[in-house]
Structures are given as C-alpha cells and as structure tokens.
Novice: 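Take this structure, written in structure tokens, and hold onto it; I'll ask about it next.
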Number of protein chains: 2
Amino acid sequence: MVDLFTVLADPSRRRILDTLRGGDGLIVKELTAALDLSQPNVSKHLRVLREAGLVTETVERQRRRYRLRPDALRELDAWLAPYRRFWVQRLDDLADHLDSSTPPEGT
Amino acid sequence: MVDLFTVLADPSRRRILDTLRGGDGLIVKELTAALDLSQPNVSKHLRVLREAGLVTETVERQRRRYRLRPDALRELDAWLAPYRRFWVQRLDDLADHLDSSTPPEGT
DNA sequence: TGGTTATATAACTGTCAAGGCATGTAAATT
DNA sequence: AATTTACATGCCTTGACAGTTATATAACCA
C-alpha cells in the first residue's frame, strides 16, 4: 500500500488532497465536515496519505492538523513526463502542418 | 473501472503502457513475451486500457496491434496541474531568496 | 479438411482494501 | 472526578479485482 498510484486510486483520498490544497492545513474534524465522511474513515485515509508522504501531521494539543506535501506528487509527474512528450509532439506536428498549408484568410 | 487512476493503479498495466511507448504498437503476443505475462492476463489488461482510452486496437488479420494513445493521460496531467503550482512556487521562493542574498563569488 | 496460431472470454479462486461500528486514549471542560 | 471532545485503531463484512485454467472463435497453413 506504499505505491503512490494505488494511494491516489481512491476517490476519497483525492478529495482530501484537493481539500487540503487551499489554506494552511485542516484538522480531522474539519475534513470530515467538509467531505461528509465518517471520522474513522477520514483518519484511515489520512494515515495512508501520511505513509505515502502526501500529507504531514502536526499535533496541536487535542487536535491534529494535516497539511499537503505536494512534493510527493513529483513521482507522479516524473512518471508522466515521458508521455507528455507525445502530446507536445502532436502540437509540433500541428504547427508544422499549419506552416506548410495555405494560410487562412484573416491575418 | 472506468476511472483513470484505478486503471493506472495496476503495475502490469503501467508496464504495458511503458512498453508501448517505443515503436509503432505491438501485437498481443509480443507484449506477453516482453512482459512475461500470460496471454489471457495481457488481453484482460488491454481491454481495460482500451476502455479507458489509453490504447487503440487495430485488427491485422489474425493479430491485433495495440498502440498507445497518450492523449488519455492529459486527464492525469490536468489533475496534477494545480499541485504543480506548489513546487513551482517553491522554486520561485528559492529564486527570491537567492536574489536577496549576497551573490556568490564566481560570475 | 484438420491442425495450428492468435486472441478473447468465461468461470473460478484468492487477496486485499474500503467503510461501518465499536472501542481505546488523551486532552479539554465542567 | 465525571463528561465531553478529538482522534486513532481494531474487528468485521462486503465488494472489487488480479491471475490462472479452460474454452470459444477466427484466421492461417499443410
């Protein structure tokens, strides 16, 4: 369960990440309220996210504040990189095509 | 099982995609040989990948050639985009920091 | 025609994880 | 001290696949 892709495969976890994107972290209760999930459910997902390095936990007395750690997503970006080449390539092809074809009317 | 993240969560499927990145597609038999997976297993994964729009199937007589369709990964890129902001931000912060500190010796 | 090749699909089995409920624990409140 | 709040964790059930084996289908070959 350490695999980043597997961790991101769960919609609830992605919603948690999306929610943590704004502001400076949220405590568990705020997350359960925002996402309408049960507290144990949220806690479990947070554990998985934490073990994957996607969030950090800060203890504040009784509460625990979770913050996004977007660096962990660079692994995903790295995986995607060689594929991104392809659609950039297509844009280049399109540009070449436009260059070699009759220019359109207006400008 | 139409969810892109779920489809990509399987390592075998990612290996298939990686393998299809070079050349102009492969037939099923070539994939099974390259990845050392059973033929039914490969066929099932290819079906999932096809239904997710990640590969295309071309019938060549008896054989079926599968090609990568990297456009389908733009959805993943789009999901990642708002997170990419964050680590770009950090680079900016670093740049700002360097600007405001004593310039290094050489050049 | 009969056999072989290439691929898909069905049926079965094992594994694993998501979510529910109940409970533990520590801090806060009264 | 007793209660409440905030959170984690354990157990349990259920469902979702992954992979195997066996079989169906279609094209190719001798």
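From a predicted model like this one, the values you see are computed outputs, not experimental measurements. The analysis underlying the following values was restricted to heavy atoms, covering all of them including side chains, and did not include hydrogens, waters or symmetry mates.
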Novice: Verify the neighbour count for atom CZ of A/Arg14: are there more than 12 heavy atoms of other residues, nucleotides or ligands below 6.0 Å?
Specialist: yes
Novice: I want to check one thing: is the phosphate of D/dT20, taken as OP1 and OP2, less than 4.0 Å away from some side-chain N or O of B/Ser38?
Specialist: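 Answer is yes, contact under 4.0 Å.
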Novice: Would one find more than 12 heavy atoms of other residues, nucleotides or ligands at under 6.0 Å from atom CZ of B/Arg65?
Specialist: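 Yes, enclosed.
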Novice: Name the closest nucleotide to the B/Asp10 side chain, picking from C/dG19, D/dG19, C/dA8.
Specialist: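 In terms of side-chain proximity for B/Asp10, the closest of C/dG19, D/dG19, C/dA8 is D/dG19.
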Novice: Is the phosphate of D/dC17 approached by B/His45 (side-chain N or O, under 4.0 Å from OP1 or OP2)?
Specialist: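 Negative; the distance criterion is not met.
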Novice: OP1 or OP2 of D/dA8 sitting under 4.0 Å from any side-chain N/O of A/Arg47?
Specialist: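 False: A/Arg47 side-chain N/O out of range (4.0 Å or more) of D/dA8 OP1/OP2.
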Novice: Which nucleotide, D/dG19, D/dC17, D/dA8, lies nearest any side-chain atom of B/Asn41?
Specialist: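 For the B/Asn41 side chain, the nearest candidate turns out to be D/dG19.
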Novice: Report yes if a donor N or O on one partner sits less than 3.5 Å from an acceptor N or O on the other, where the partners are the side chain of B/Lys44 and the base of C/dT7; otherwise report no.
Specialist: no
Novice: Could you give the CZ-to-C1' distance, from A/Arg61 to C/dA26, as a whole number of Å?
Specialist: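 So the CZ-C1' distance, A/Arg61 to C/dA26, works out to 14 Å.
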Novice: Can you tell me whether the side chain of A/Gln39 and the base of D/dA6 have a donor-acceptor pair closer than 3.5 Å?
Specialist: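 It does not, because no donor-acceptor pair links the side chain of A/Gln39 to the base of D/dA6 below 3.5 Å.
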Novice: Hey, does A/Arg13 reach any base, or is it just sugar-phosphate, or nothing, if we go heavy atoms under 4.0 Å?
Specialist: sugar-phosphate
Novice: Across the strands shown, which category fits A/Glu60 at heavy-atom distances under 4.0 angstrom: base, sugar-phosphate, nothing?
Specialist: nothing
Novice: Given D/dA8, C/dT9, D/dT9, identify the nucleotide with an atom nearest to the side chain of B/Pro40.
Specialist: C/dT9
Novice: Can you measure B/Lys29 atom NZ to C/dT5 atom P for me and round it to whole angstrom units?
Specialist: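 Distance check: B/Lys29 NZ to C/dT5 P gives 8 Å.
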Novice: Atom CD of A/Gln62 to atom P of D/dA6: distance rounded to whole Å?
Specialist: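 In whole Å, D/dA6 P lies 6 Å from A/Gln62 CD.
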Novice: Provide, to the nearest angstrom, the distance between the CG atom belonging to B/Leu31 and the P atom belonging to C/dA6.
Specialist: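 Nearest whole value for this atom pair: 14 Å.
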Novice: B/Val55 and B/Leu17: which non-hydrogen atoms are nearest, and at how many Å?
Specialist: CG1-CD2, 4.0 Å
Novice: For the residue pair B/Ala52 and B/Val7, what are the closest heavy atoms and their distance?
Specialist: CB-CG2, 3.9 Å
Novice: Respond yes when some side-chain nitrogen or oxygen of A/Tyr66 is under 4.0 Å from OP1 or OP2 of D/dA8, and no when none is.
Specialist: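 Affirmative; the distance criterion is met.
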Novice: Going by an N to O cut-off under 4.0 Å, is there a salt bridge joining B/Arg15 and B/Asp18?
Specialist: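 Here B/Arg15 does not pair with B/Asp18 in a salt bridge, since their nearest N and O are not under 4.0 Å apart.
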Novice: Using whole Å, what does the distance between atom P of nucleotide C/dT4 and atom CZ of B/Arg63 come to?
Specialist: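 For the pair B/Arg63 CZ and C/dT4 P, the rounded distance is 18 Å.
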Novice: Counting any heavy atom closer than 4.0 Å, what does B/Ser12 reach on the DNA or RNA strands: base, sugar-phosphate only, or nothing?
Specialist: sugar-phosphate
Novice: Using whole Å, report how far CD1 of B/Ile16 lies from P of D/dA18.
Specialist: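 Checked: the CD1 to P distance equals 11 Å.
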Novice: With heavy atoms under 4.0 Å as the rule, sort A/Ile27 into base, sugar-phosphate or nothing.
Specialist: sugar-phosphate
Novice: Side chain of A/Val28: nearest nucleotide among C/dT9, D/dC7, D/dC17?
Specialist: D/dC7
Novice: Would you mind reading off the distance between A/Leu49 atom CG and C/dA18 atom P, rounded to a whole angstrom?
Specialist: 10 Å
Novice: According to a hydrophobic-cluster definition based on side-chain heavy atoms being under 4.5 Å apart (Ile, Leu, Val, Met, Phe, Trp, Tyr only), do A/Leu80 and A/Phe5 belong together?
Specialist: yes
Novice: Nearest whole angstrom, please: distance from the C1' of D/dA8 to the CG of A/Leu46.
Specialist: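 Between C1' of D/dA8 and CG of A/Leu46: 11 Å.
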